[in-house]
Amino acid sequence: MKRYYSHQGKDIFITAGSARELAPGSFGVCAIGGGAEGWSVVHIGPEGDVADLGGEYYFATPEEALEFVKELIDLMVT
């Protein structure tokens with residue numbers, strides 16, 4: 001799986017590390033416990049603040065989380 005995607009002009013990064021390394025305005029699919037505990041979806045705000053977009057819902061695979069991010073972006077753009 002690639003580590004970087006672009007959807008509708010928005011950057012999406014898949015990372016096993018912290019979301020703090022991502023640029024403002026980007027989305028992240030972040031491994032929880034190295035992926036063993038699931039994957040979360042985050043957005044990095046203009047000030048570098050991290051918002052968890054999945055709330056209490058975590059994804060079993062990075063592919064599922066990536067599809068969720070793409071659907072969110074589609075909702076934002078339309």
Side-chain angles (χ1 to χ4, degrees):
M1 171 166 272
K2 294 189 321 184
R3 291 182 47 100
Y4 167 77
Y5 293 84
S6 181
H7 183 72
Q8 302 249 12
K10 305 290 184 186
D11 294 327
I12 307 168
F13 296 90
I14 298 178
T15 178
S18 171
R20 290 183 215 135
E21 64 201 32
L22 301 178
S26 63
F27 292 85
V29 173
C30 302
I32 303 169
E37 298 174 43
W39 296 80
S40 67
V41 174
V42 299
H43 180 260
I44 312 304
E47 302 298 321
D49 51 321
V50 179
D52 184 352
L53 300 179
E56 296 296 316
Y57 184 72
Y58 299 110
F59 302 88
T61 66
E63 293 87 357
E64 290 175 0
L66 181 61
E67 286 307 310
F68 179 77
V69 173
K70 288 179 179 179
E71 289 176 21
L72 284 177
I73 291 170
D74 288 341
L75 290 172
M76 290 171 41
V77 172
T78 58

Side chain to side chain donor-acceptor pair (under 3.5 Å) involving Asp52 - partner list, sequence neighbours excluded: none
Distance-only donor-acceptor hits, side chain of residues 67-74, under 3.5 Å, sequence neighbours excluded:
from  : atom 1 : to   : atom 2 : distance (Å)
Asp74 : OD1    : His7 : NE2    : 2.7
Asp74 : OD1    : Gln8 : NE2    : 2.9

Contact summary for [X] and [Y], nearest pair of heavy atoms:
X	Y	answer
Val29	Ala65	CG1-CB, 3.6 Å
Ala23	Ile44	O-CB, 3.5 Å
Pro24	Pro46	CB-O, 3.8 Å

Look at the side-chain heavy atoms of Ile, Leu, Val, Met, Phe, Trp and Tyr, link any pair under 4.5 Å apart, and say whether Leu53 and Val77 land in one connected group.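 Yes, one cluster joins them.
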Val41-Ile12 co-clustered via ILVMFWY side chain contacts under 4.5 Å: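 Linked within one cluster.
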Quick one: hydrophobic cluster around Ile32, which other residues, with the 4.5 Å side-chain cut-off, linked directly or via members?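 In the cluster with Ile32 are Tyr58.
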Using the ring pair (Phe, Tyr, Trp, His ring centres under 6.0 Å) criterion, which residues pair with Phe13? Sequence neighbours excluded. Tyr4
Rounding to 0.5 Å, atoms CZ (Phe27) and OG (Ser6) come to a distance of 11.0 Å
Side chain to side chain contact (heavy atoms under 4.5 Å, CB included) for Ile14 and Tyr5? Distances and angles first, verdict last. CA-CA 8 Å; Ile14 298 178; Tyr5 293 84; 3.6 Å; yes
Scan for side chain to side chain donor-acceptor pair (under 3.5 Å) pairs involving residues 21-48, sequence neighbours excluded, and state none if there are none.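 The answer is Thr15-Glu21.
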